[in-house]
Structures are given as C-alpha cells and as structure tokens.
Amino acid sequence: MAYSNDYQNSARRHLKAADALYSLNTAGAQPGAKAVAGYLYGLTGELALKQMMIQSGMRPLASEQRRNDPYYKHFPELKTFLLDTAKGRRSGELLHLARNTQIFKGWHTDMRYAPTQEVSAVCVDGWQADAKKLVGQMEEQ
C-alpha cells in the first residue's frame, strides 16, 4: 500500500511521541526511552523542514530521480541537499537552517542501531530543542 504524505501532522505526531518517551519515568524506561525520543526528534525536524519546503513551493522529484530528491533524505544529508535545491518563498529561511551546523548536530539515522549508551542525553536535549524550534517555524506559515 502506498501512503500519502502529511508532513505537518506527521511532525506534530512524532513530536508528541518523542516528548512522551523523553519524559517516561516508569521503572527501567530510561535511558533507552530517551534515546528513542532522540531519534524521533530528528524525524520531527526532518518532517518540519519538508513541510517548509512544500510551503516554499518546492515539490518532490519524479520517482526515478529519488536519489537526488531532498524529500527522500535524512539529516545531515537533507541539509546538504537543501543548499543546492532550496527555492521559493521560504528559500532564505531554508538556506539559513541548512547552513546552521548546530541544528541536529550529531543526529543520524544510524543511531537507531546503536547501543543506548552511545546516544548522548545532552544531544537528545539539543535535538528536542531543535525539533520544537523547527515545528514552531513550520507553524508560522
């Protein structure tokens, strides 16, 4: 089954799930739940950026061009692709975010395979702030 894309509501949903895991206080839940929250914060940020791309007027490329399509990239590659492809009403904002080396610093999809202790709580705290910032920017439209 093919699913449609709803970046805005997906970003909100992932942020809520990440926040729930981040603050989970049941016995044995931490630090593992916080590590998973960190992963979800990154996905939240990606979804918020992709919604801003839609708001800017950017559209996904044809399926045969998927390798060059920022809509199919994750951090940090998504930011790199935005440097070359950002256009439209929010292009300045998108370029600023893409150039910011501190946003989602150290976040990568490979962390989903990493031992919990390799996912720094300090990084997760930063990713939480980054995700909330990007969702807020997404909502400003």
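The structure presented is a predicted model; accordingly, all values stated were derived computationally and were not measured.
- Within the 4.5 Å cutoff, side-chain heavy atoms of Asp125 are placed close to those of Tyr22.
- The distance from the OH atom of Tyr7 to the CG atom of Asn9 is 13.5 Å, given to the nearest 0.5 Å.
- Taking 4.0 Å as the cut-off between side-chain N and carboxylate O, Asp130 and Lys105 do not count as a salt-bridged pair.
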Inset, instruction - Evaluate side-chain hydrogen bond (donor to acceptor under 3.5 Å, both in side chains) for Gln51 paired with Asp6, printing each intermediate quantity in order. - result: CA-CA 8 Å; Gln51 177 61 25; Asp6 184 348; over 6 Å; no

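- Across Ala18 and Ala37, no two heavy atoms sit closer than the pair O-CB, 3.3 Å.
- Taking the six-membered ring wherever Trp is involved, the centroid distance between the rings of Phe104 and Tyr41 does not fall below 6.0 Å.
- For the pair Arg112 and Tyr39, the cation does not sit on the ring face, since its NZ or CZ is not both under 6.0 Å from the ring centre and inside 45° of the axis.
- Annotation: side chain of Thr101 is not in contact with side chain of Lys79 (no heavy-atom distance under 4.5 Å).
- Between Lys50 atom NZ and Gln8 atom CD the span is 15.5 Å, to the nearest 0.5 Å.
- Of the inter-residue distances, the one linking Leu83 atom CG with Leu94 atom CG reads 10.5 Å to the nearest 0.5 angstrom.
- Follow the hydrophobic side-chain contacts under 4.5 Å out from Met111 and you reach Leu47 in the same cluster.
- Cation-pi contact between Lys73 and Phe81: present, with separation from the ring centre below 6.0 Å and deviation from the ring axis of at most 45°.
- Considering OG1 of Thr109 and CD of Glu77, their distance stands at 9.0 Å, rounded to 0.5 Å.
- At most 12 heavy atoms of other shown residues, nucleotides or ligands fall within 6.0 angstrom of atom CZ in Arg67.
- Between Thr85 and Leu82 there is a side-chain heavy-atom pair separated by less than 4.5 Å.
- Side chain of Gln30 to main chain of Lys34: a donor-acceptor pair is present (N/O by atom type, distance under 3.5 Å, no hydrogens or angles).
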Legend entry - Residues Leu97, Asn100; criterion side chain to side chain contact (heavy atoms under 4.5 Å, CB included); working and verdict: CA-CA 5 Å; Leu97 292 168; Asn100 186 333; 5.7 Å; no

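- Side chain to side chain, Tyr71 and Asp69 fail the donor-acceptor criterion of an N or O pair below 3.5 Å.
- Taking hydrophobic clusters as Ile, Leu, Val, Met, Phe, Trp and Tyr residues chained together by side-chain heavy-atom distances below 4.5 Å, Leu49 shares a cluster with Tyr72.
- Panel note: side chain Thr26, backbone Ala29; no donor-acceptor pair is recorded below 3.5 Å.
- Of the possible donor and acceptor atoms, one in the side chain of Asn25 sits under 3.5 Å from a partner among the backbone N and O of Ser23.
- A donor-acceptor pair under 3.5 Å is absent between the side-chain atoms of Ser56 and the main chain of Met58, judged by distance alone.
- Between the CZ atom of Arg13 and the CG atom of Leu40 there is a distance of 10.5 Å, given to the nearest 0.5 Å.
- A distance of 12.5 Å separates NE2 of His96 from CZ of Arg90, quoted to the nearest 0.5 Å.
- A heavy-atom distance below 4.5 Å is found between the side chains of Val135 and Met138.
- At least one donor-acceptor pair under 3.5 Å links the side chain of Trp107 to the backbone N or O of Gly38.
- Between the side chain of Glu46 and the backbone N or O of Leu78 there is no donor-acceptor pair closer than 3.5 Å.
- Summarising the geometry of His14 relative to Thr44, their closest heavy-atom pair is CB-OG1, 3.2 Å, with the distance given to 0.1 Å.
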